[in-house]
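In this text, all values refer to a predicted model and were calculated from it rather than measured experimentally. Residue indices begin at 1 and follow the sequence shown. Whatever order the structure lists them in is the order used to number ligands and atoms, beginning at 1.
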Amino acid sequence: MIVGIVGCGAIANLITGFVRDGKVPVELGFFYDRDLERAENLASMVDGTAVLDVTDMLPHVDLVVEAASPEAVRELVPGILEAGRDVVVMSVGALMDPELRSLLEKKASENNAEIHVPSGAIVGLDGLKAASMGSIRSVKLVTRKPPRSLGISMDEKKVLYTGKASEAVKRFPLNINVAAALSLACGRDIDVEIIADPAVDRNVHEVTVKGDFGEFKTITENVRCSINPKTSVMAAYSAIRLLKSLSENMHIGT
Ligand SMILES: NC(=O)C1=CN([C@@H]2O[C@H](COP(=O)(O)OP(=O)(O)OC[C@H]3O[C@@H](n4cnc5c(N)ncnc54)[C@H](O)[C@@H]3O)[C@@H](O)[C@H]2O)C=CC1
Ligand SMILES: O=C([O-])CC(=O)C(=O)O
């Protein structure tokens with residue numbers, strides 16, 4: 001499988017390192033970033049090609065990993081699907097827009113392409129998907145990040161947001177994709193609280209789900225990426241595992 005990457009930041013760096021080290025059986029051939037130097041840096045790690053426009057990679061790839069931004073999903077993913085290429089979407093917050101989501105689903109089905117959304121920086125999507133086959137009463141995410149991860153500076157713990165996931169992704173587009181992944185996994189606009197907490201040095205996500213299956217709670221204490229502290233290493237690992245899964249014949253987990 002030949003893979004291209006859109007967005008050559010923290011997540012793309014980790015993916016590229018794994019591919020270079022032979023830990024994922026894909027060929028990472030093409031890199032695009034609006035900052036060409038970033039694309040060139042990653043391309044040089046795996047003897048790949050940095051392209052000036054995403055359309056330049058499409059004839060040569062089977063799948064494109066979007067690891068850029070919600071705008072990139074809006075601007076670039078429709079064209080990638082139109083070309084019949086599969087897509088892995090990391091900026092899943094963009095998919096909380098129902099119009100964009102149905103446009104992408106339509107383009108994927110018309111062009112025999114698939115849209116994959118990895119579990120990202122969260123754990124528990126497997127159980128949530130299974131639970132949603134029954135009836136779910138509530139899903140709540142509490143995310144705690146160091147203020148620096150949220151791009152602010154403060155000495156006191158502060159609740160920055162309480163409300164629904166759909167609004168959270170608009171207010172914190174680069175910080176709460178996990179809320180979108182949870183919402184899409186269970187088909188409801190989940191409850192979200194975002195806390196800036198100077199006492200933590202991890203990105204911490206606590207998920208509580210109640211339904212007719214019983215209840216579960218997951219707590220993820222994520223190490224942050226060194227080059228982008230907003231983003232957890234786990235998010236990149238989930239994309240890497242997904243790329244590996246796509247070349248396997250047995251699939252474990254919902
Ligand atoms: N699903 C999840 O659980 C998670 C998702 N994310 C999301 O994944 C995406 C990537 O995360 P990181 O690697 O940490 O970001 P980053 O900020 O380290 O790198 C993003 C790169 O994409 C480029 N870029 C952004 N918009 C672009 C566009 N429209 N066209 C071309 N290049 C563009 C930037 O120049 C930058 O080099 C972000 O949207 C982030 O919010 C991050 C963490 C968890
Ligand atoms: O990486 C994380 O811990 C979560 C994150 O930034 C996001 O969901 O956008």
Distance from [atom] to nearest protein heavy atom, with residue and atom:
atom	result
atom 30 (N) of ligand 1	Tyr32 CE2, 4.0 Å
atom 18 (O) of ligand 1	Ala10 N, 2.9 Å
atom 3 (O) of ligand 1	Ala121 N, 2.9 Å
atom 5 (C) of ligand 1	Met90 O, 3.2 Å
atom 3 (O) of ligand 2	Ser232 OG, 2.5 Å
atom 42 (C) of ligand 1	Thr231 OG1, 3.4 Å
atom 26 (N) of ligand 1	Ser69 OG, 2.7 Å
atom 23 (C) of ligand 1	Asp33 OD2, 3.2 Å
atom 40 (C) of ligand 1	Asn177 ND2, 3.7 Å

Mark up the atoms of ligand 2 that fall under 4.0 Å of a heavy atom belonging to [X], in ascending order.
X	answer
Thr231	1 (O)
Leu174	6 (O), 9 (O)
Asn177	7 (C), 8 (O), 9 (O)

Would you name the heavy atoms of [X] and [Y] that are closest together and state the gap between them?
X	Y	value
Asn177	Val92	OD1-N, 3.1 Å
Ala43	Ala50	CB-N, 3.9 Å
Glu71	Arg34	OE1-NH1, 4.2 Å
Ile136	Arg188	O-NH1, 2.8 Å

Does a sphere of radius 6.0 Å around [atom1] in [X] hold more than 12 heavy atoms from other residues, nucleotides or ligands, not counting ones at 6.0 Å or beyond?
X	atom1	value
Arg148	CZ	no
Asp21	CG	yes
Glu248	CD	yes
Asp212	CG	yes
Lys164	NZ	yes
Phe172	CZ	yes
Asn112	CG	no

### Query
With a 4.5 Å heavy-atom cut-off, do Phe31 and Asn41 have their side chains touching?
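No; the side chains remain at least 4.5 Å from each other.
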### Message
When you compare the side chain of Asn175 with that of Ile194, does any pair of heavy atoms fall below 4.5 Å?
### Response
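Side-chain contact under 4.5 Å: no.
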#### Entry: Short N-O contact, Arg144 and Asp197, less than 4.0 angstrom
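Looking at Arg144 and Asp197, the cut-off is met.
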### Message
Would Ala181 count as a contact residue for ligand 1, given that I'm defining contact as a non-hydrogen atom of the residue lying under 4.0 Å from a ligand atom?
### Response
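Ala181: no contact with ligand 1 (<4.0 Å).
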Got an N/O contact under 3.5 Å between [X] and ligand 1?
X	answer
Asp35	no
Ile11	yes
Gly120	no
Arg38	yes

### Query
So is Lys145 in contact with ligand 2, going by heavy-atom distances below 4.0 Å?
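In this structure, Lys145 qualifies as a contact of ligand 2 - some heavy atom is under 4.0 Å.
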List every atom of ligand 1 that sits less than 4.0 Å from any heavy atom of [X], numbering the atoms from 1 in the order shown and giving each element.
X	answer
Glu75	29 (N)
Val92	1 (N)
Ser91	8 (O), 9 (C), 38 (C), 39 (O)
Ala235	43 (C), 44 (C)
Gly7	21 (C), 22 (O), 23 (C)
Ala72	28 (C), 29 (N)
Val178	3 (O)

### Query
Are Val178 and Val123 connected in a single hydrophobic cluster, I mean Ile/Leu/Val/Met/Phe/Trp/Tyr linked by side-chain heavy atoms less than 4.5 Å apart?
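Val123 and Val178: separate clusters.
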### Message
Count I, L, V, M, F, W, Y as connected when their side-chain heavy atoms are under 4.5 Å apart, and connections chain through other members. Are Leu63 and Val61 then in the same cluster?
### Response
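Different clusters: Leu63 never reaches Val61 through Ile, Leu, Val, Met, Phe, Trp or Tyr contacts under 4.5 Å.
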### Query
Under 4.0 Å from ligand 1, counting heavy atoms only, is it the side chain of Arg34, its backbone, both or neither?
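Both backbone and side chain.
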### Among Ser119, Ser238, Ala68, closest by any non-hydrogen atom to atom 33 (C) of ligand 1
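Among Ser119, Ser238, Ala68, the closest heavy atom to atom 33 (C) of ligand 1 belongs to Ala68.
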Geometric N/O contact [X] with ligand 2, under 3.5 angstrom:
X	answer
Ile176	yes
Ala121	no
His205	yes

### Message
Below 30° counts as parallel, above 60° as perpendicular, anything between as tilted: where do the rings of Phe30 and His60 land?
### Response
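If you compare the ring of Phe30 with that of His60, the planes turn out parallel.
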